[in-house]
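Just so it is clear: chains get the letters A, B, ... in the order the sequence lines come, proteins before strands, and each one is counted from 1.
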Amino acid sequence: MDKNYQPKDVEEPIYKMWEEGGYFKLSNNPTAKPFTILLPPPNANADLHVGHAMYVIEDIMIRYHRMLGEASLWLPGADHAGFETQFVYEKHLAKKGQSRFDFDRETLYKDIWNFVHENRSKMENQLRRLGFSLDWSRNIFTLDPTVVQTVYTSFKHLFDKGLVYRNNRLVNYCTKDGTGFSDLEVLYVERTDPMYYIKYGPFTIATARPETKFRDTALAVNPKDKRYKKYIGQTMDIMGLLGPITMTIIPDTDVDPAFGTGIMKVTPAHDPHDFALGQKFNLPVTPIIDFRGKMDFSWFLSQDTLDQKSRERAEKYHGKKVAIARQMMVEDLKTDGLMIKVDEHYSHRVGTCWKCGTVIEPLPLEQWYVQVKPLAKKATKAIKDKKVSFVPKRFEKIALQWLTNFHDWNISRQNVWGIRIPAWKCEKCAQWTVTAGETPTACQHCTHTRLIQDTDTFDTWFSSGQWPFATLQATGNPDDFKRFYPTSVMETGYDILPWWVCRMLMLGVYITGTVPFKTVYLHGLVRDAKGQKMSKSKGNVINPLQMVDLYGADALRMALVFGTGAGNDQALSEDKIRSMRNFANKLWNIARFMMMNFNAVNAPIPFYDEAMHKNLDDKNDKRIITELNMLTAKVTKQMETYRFSDAALSIYEFAWHRLADVHLEKNKERFKNGDVQALSVLRHVFLTILKLLHPFMPFVTEHLWKDLPRKSKTPLIISQWPAILRKK
RNA sequence: GGACGAUUAGCUCAAUGGUAGAGCGCUUCGUUUACAUCGAAGAUGUUGGGGGUUCGAAUCCCUCAUCGUCCACCA
């Protein structure tokens, strides 16, 4: 044996032995109790980051339950990650000086498909390097035909029940990425912008968006506001940059008399609140910003009675980006004497694209929506009926809050990469025919035969929200769904609780009638050594594979679990990983010490058993055995209660500071003299530690297990979780 | 404006109402063939402030302060 543990020499052959031995697959015992975890499918568009290494918690649970003899299934998969993948792919294109507009739909899809499949196999090998005991024979991709079929079927089902509908309302639209989003994908950032006070007929209005005022259709005031009460219901012509606009004054209790001047311009086409107000008062929706984020004055320029000045201005603004046009208008307002004042320090929150940072424009667009309330109600009931439990407990409240606050969910995306929505529009009657995937031969409404399929794809979360039943129905084993659904634990980061966990609950409960998982375990973010968020621009990113290369997978795994409370963010440092590497080395050397002493004895050392246990005659042996039993009981309890950090700490403490530092040192003479009982006890204690530690540090434990003489011929991965030997 | 965290040793964090712990760092000593990726000994805390409940509080309750995250249609 080498003086130091060399993970590089050990890990690959061990993983190969596990995988080729079929140990990740289910045992043949059909009566074994099922224990299932679905791997939250990583996006198949990039390498694993250190956050993915938190899957170690799942591996710990899976390995523990496998050692308990349960039918332990950890199902791997990958997410096509619709918009996000297309975004990543477009970045690759940009490097080559290309864009998505250079390709037709089919070509772009095919190219992204190839890109994703290259990444996917890379990513899967990275999961292997971390030692994850995934059942690769059941590997699923969100675009596998069976999964896609499930998604189609659910969509049709929801549509038939009236829980999916199409509607034209303002969507959160990113004009750069060219797609709408759900509310969750809008990232609000605090910004300071100028607030413009503009003369508006007899009033002064305050606005941060003067560029939309050309299409204002009304002015709103609080009905209780004495200053403006008398104007309510009046219609008047108000002078603007392009001549007078006709406007009605309407009452709205949402208007805060103390904000700005207490009078609000109403732009139904570009503001969600105004849109709702517009519906109430029957105001027209008249956009002035197009889907590329540019001003559109064609409605104005098409009039033939324009004066010279207005035409020139409109032509100047037309086609300009919003921010640029705004500046021009501000100047022109000043020229016309309409700008009363500018408050440069107006602080507000602006919606931006979560991916590219572009300001989100609310734009009117027809999309498919999921009606959330009925689904959320069922999910809420399931939580309140204790069909699902949360670790840590506090996330139950957060989940319930989300479920009560969700708005209807926009599931249409104007992307190529994704599952195309199975809905066809009739060219004659303009009505929609929805199917479970098959191309309709005629319109359901008027039997016309010319139909055009929606070009949009589903929000990727609409498919991953069905992951638990979609996967278990897609494994190729017809019994899997029956046996493993609902799954045991859903383990993921708390940051995707609303995106994923809540949606899986809603769709799972509604479509299968059962919760998709019994326990939700949420882990926190992995941050850098100083507790700061990792980011490429800060240069503080820890690459998990690089850490595996340097210190071994066990070291990284242990570092991520050790001293980390469930649901809390953690600071990860290279120092911590190194210290866990040192722990692996400590185990290695304990084994080395044992081998040395065993080899010095000519006869084989008997195995520790009931008989020896009953007749222990040495104080030190008795003591270490008692402590080992206490440790086993403690760790087992900690595993059962999801206290993995505590379990890791308990084993670490015992192995290093009790066994190595005290017991080994105290009994060195006995070992050297070939005391058979001492050696047998030592080996029993150490093998038991290897078992307890195996879920956390699978490689080094499996390797040492293999090298030491032991009763059982089976690999550690499928050995039995230690039981406690008791005196009668 | 709400919700949820956090505040514990120099740093990063654990702690399931019952004598405050770990890793790294620090001080002193140690090359006895398991390991210097080590060992021995040691220092550092009235657990953010203030109340309360309890035989007993880092832990439960109230309150204040600071930091963080998320949510909400203030133009």
Side-chain angles (χ1 to χ4, degrees), chain A residues 1-6 170 183-184 186-188 195-196 205-210 212-213 216 219-220 252 254-267 270-277 346 348-349 351 362 392 394-395 397-398 400-402 405-407 494-495 497-498 524-525 527-533 551-552 555 558-559 561-597 634 637-638 641 643 645-646 648-650 652-653 656-657 660-661 664-665 668 671-672:
Chain A
M1 275 175 96
D2 210 319
K3 206 167 110 179
N4 287 328
Y5 174 51
Q6 305 293 347
L170 296 192
D183 292 343
L184 292 180
V186 181
L187 186 70
Y188 289 92
M195 173 75 102
Y196 304 100
I205 54 148
T207 181
R209 300 210 61 183
T212 61
K213 68 194 279 288
D216 292 353
L219 288 168
D252 178 16
D254 287 348
V255 175
D256 177 3
F259 185 91
T261 57
I263 184 157
M264 184 183 85
K265 69 193 206 64
V266 182
T267 319
H270 297 297
D271 182 280
H273 173 266
D274 294 2
F275 184 84
L277 207 58
Y346 172 57
H348 63 157
R349 283 158 64 90
R394 68 184 143 94
F395 286 106
K397 193 176 170 189
I398 296 174
L400 287 171
Q401 268 172 8
W402 275 108
N405 292 327
F406 276 133
H407 297 306
Y494 67 75
D495 52 326
L497 177 70
L525 263 52
R527 296 166 174 275
D528 78 357
K530 290 175 198 156
Q532 296 193 308
K533 206 167 176 172
Y551 305 111
M558 194 67 168
V561 175
F562 202 87
T564 306
N568 289 345
D569 293 352
Q570 65 165 307
L572 179 68
S573 62
E574 199 168 333
D575 269 350
K576 190 174 178 190
I577 301 169
R578 196 180 295 121
S579 71
M580 293 302 143
R581 185 271 317 260
N582 294 352
F583 179 51
N585 188 60
K586 190 75 191 179
L587 297 168
W588 179 267
N589 275 290
I590 297 171
R592 212 155 73 91
F593 174 81
M594 283 167 57
M595 294 302 284
M596 192 184 79
N597 285 291
K634 188 160 89 179
K637 193 180 168 197
Q638 286 162 337
T641 48
R643 305 189 68 88
S645 169
D646 292 351
L649 201 77
S650 307
Y652 178 99
E653 170 67 22
W656 200 320
H657 302 303
D661 289 348
L664 224 68
E665 293 301 332
K668 258 189 179 163
F671 299 137
K672 206 180 260 182

Need one value for A:Tyr551: base, sugar-phosphate or nothing, where a base atom within 4.0 Å counts as base even if backbone is also close, heavy atoms only.
nothing
Atom CD1 of A:Ile590 and atom C1' of B:rA34 are separated, to the nearest Å, by 9 Å
Could you list the residues that satisfy side chain to side chain contact (heavy atoms under 4.5 Å, CB included) with A:Leu525, not counting sequence neighbours?
A:Tyr494, A:Asp495, A:Arg527, A:Lys533, A:Asp569
Toward the 5' end of RNA chain B, by each residue's nearest nucleotide, A:Leu649 or A:Leu572:
A:Leu572
Can you tell me how far CE of A:Met595 sits from CG of A:Asn597, rounded to the nearest 0.5 angstrom?
11.0 Å
Return the OG1 to CG distance between A:Thr212 and A:Asp271, rounded to the nearest 0.5 Å.
8.0 Å
At under 4.0 Å between heavy atoms, how does the protein contact nucleotides 69-75 of chain B? Give one character per nucleotide, 5' to 3', with B, S or -.
-SSBBBB
In whole Å, what separates the P atom of B:rU66 from that of B:rG10?
24 Å
Can you name the residues that form a side chain to side chain donor-acceptor pair (under 3.5 Å) with A:Arg578, not counting sequence neighbours?
A:Tyr551, A:Asp575
When you check the phosphate oxygens OP1 and OP2 of B:rA36, does a side-chain N or O of A:Lys3 lie under 4.0 Å from one of them?
yes
Nearest-Å distance for atom pair CD/C1', residues A:Gln6 and B:rC35
13 Å
Who are the ring-ring contact (aromatic ring centres under 6.0 Å, His included) partners of A:Tyr652, not counting sequence neighbours?
A:Phe562, A:Phe583, A:Trp656
Whole-Å gap separating P (B:rC35) and CE (A:Met1)
12 Å
Residues forming a side chain to side chain contact (heavy atoms under 4.5 Å, CB included) with A:Glu653, sequence neighbours excluded
A:His657
Using the C1' atoms only, state how far B:rG45 lies from B:rU19, rounded to an integer number of Å.
15 Å
Distance col, row A:Gln638:CD vs A:Ser645:OG, nearest 0.5 angstrom, shows 9.0 Å
Give one of base, sugar-phosphate or nothing for A:Leu664, where a contact means two heavy atoms less than 4.0 Å apart.
base
Quantified in whole Å, what is the P atom distance between nucleotide B:rG1 and nucleotide B:rU8?
27 Å
Short of 4.0 Å, heavy atom to strand atom, which residues of residues 576-585 of chain A count as contacting RNA chain B?
A:Ser579, A:Arg581, A:Asn582, A:Asn585
What residues, two or more places apart in sequence or in another chain, satisfy ring-ring contact (aromatic ring centres under 6.0 Å, His included) together with A:His407?
none
Are the aromatic rings of A:Tyr346 and A:His348 close, with centres under 6.0 Å apart?
yes
In terms of heavy-atom contacts, A:Ala571 and A:Ala529 come closest through CB-O, 3.8 Å
In the structure I gave you, are the side-chain heavy atoms of A:Met596 and A:Lys672 within less than 4.5 Å of one another anywhere?
no
Please tell me if A:Lys672 has a side-chain N or O lying less than 4.0 Å from either OP1 or OP2 of B:rU33.
no
Under the ring-ring contact (aromatic ring centres under 6.0 Å, His included) test, residues paired with A:Phe259 that sit two or more places apart
none
Under 4.0 Å between any heavy atoms, over every strand shown, what does A:Gln638 touch: base, sugar-phosphate, or nothing? Just pick one.
base
Taking only nitrogen or oxygen atoms into account, show me every contact under 3.5 Å that the protein makes with nucleotides 3-7 of chain B, one pair per line with its distance.
residue, atom, partner, partner atom, Å
B:rA3, O3', A:Lys397, NZ, 3.4
B:rA3, O2', A:Gln401, OE1, 2.9
B:rA3, O2', A:Gln401, NE2, 2.9
B:rC4, OP1, A:Lys397, NZ, 2.0

Nearest to the A:Asp646 side chain among B:rA14, B:rU12, B:rU37, which nucleotide is it?
B:rA14
Looking for any heavy atom pair under 4.0 Å, which part of the strands does A:Lys634 touch: base, sugar-phosphate only, or nothing?
nothing
Between B:rG39 atom P and A:Phe593 atom CZ, what is the distance in whole Å?
14 Å
For the P atoms, the ones on B:rU12 and on B:rC71, what distance do you get once it is rounded to whole angstrom?
26 Å
For B:rA58 and B:rA72, measure between their P atoms and round to the nearest Å.
39 Å
Hey, does A:Ala220 reach any base, or is it just sugar-phosphate, or nothing, if we go heavy atoms under 4.0 Å?
nothing
Expressed as a whole number of Å, how far does the C1' atom of B:rG25 sit from that of B:rC11?
8 Å
Go through B:rA34, B:rC24, B:rA22 for me and flag the one nearest to the A:Asn589 side chain.
B:rA34
Examine B:rG23: is either OP1 or OP2 under 4.0 Å from a nitrogen or oxygen in the side chain of A:His657? Give yes or no.
yes
Rounded interatomic separation in angstrom, taking CG from A:Asp495 and C1' from B:rG68:
15 Å
Separation of the C1' atoms in B:rG2 and B:rC73, to the nearest angstrom:
15 Å
Watson-Crick or G-U stems involving RNA chain B, each at least 3 pairs long, distances under 3.5 Å, ordered by first number:
B:1-7 with B:65-71, B:10-13 with B:21-24, B:26-30 with B:38-42, B:48-52 with B:60-64
Of the options B:rC38, B:rA22, B:rC13, whose atoms approach the side-chain atoms of A:Lys586 most closely?
B:rC38
Quiz item: A:Glu665 side-chain donor-acceptor pair to B:rA34 base, under 3.5 Å
yes
Enumerate the salt bridge (Lys or Arg N to Asp or Glu O under 4.0 Å) contacts for residues 581-591 of chain A, please, sequence neighbours excluded, ordered by first and then second residue.
none
Under 4.0 angstrom, heavy atoms only, what part of the nucleic acid is A:Asp661 near: base, sugar-phosphate, or nothing?
sugar-phosphate
What's the gap between B:rG23 and B:rA40 when it is taken at their P atoms, as a whole Å value?
12 Å
Any residue meeting salt bridge (charged side-chain N to carboxylate O under 4.0 Å, His left out) with A:Lys668, in chain and number order, not counting sequence neighbours
A:Glu665
With the side chain counted from C-beta on, respond yes when A:Met580 and A:Ile577 share a heavy-atom pair under 4.5 Å apart, and no when they do not.
no
Between C1' of B:rU33 and CZ of A:Arg592, the distance in whole Å
9 Å
Report the distance from atom OH of A:Tyr5 to atom P of B:rC38, rounded to the nearest whole Å.
16 Å
Could you tell me the separation between the CZ atom of A:Arg643 and the P atom of B:rA14, rounded to a whole number of Å?
12 Å
Closest approach of A:Pro362 to A:Arg209 (non-hydrogen atoms, all atoms of both residues)
CD-NH1, 4.5 Å
Is any side-chain heavy atom of A:Lys397 closer than 4.5 Å to a side-chain heavy atom of A:Gln401?
yes
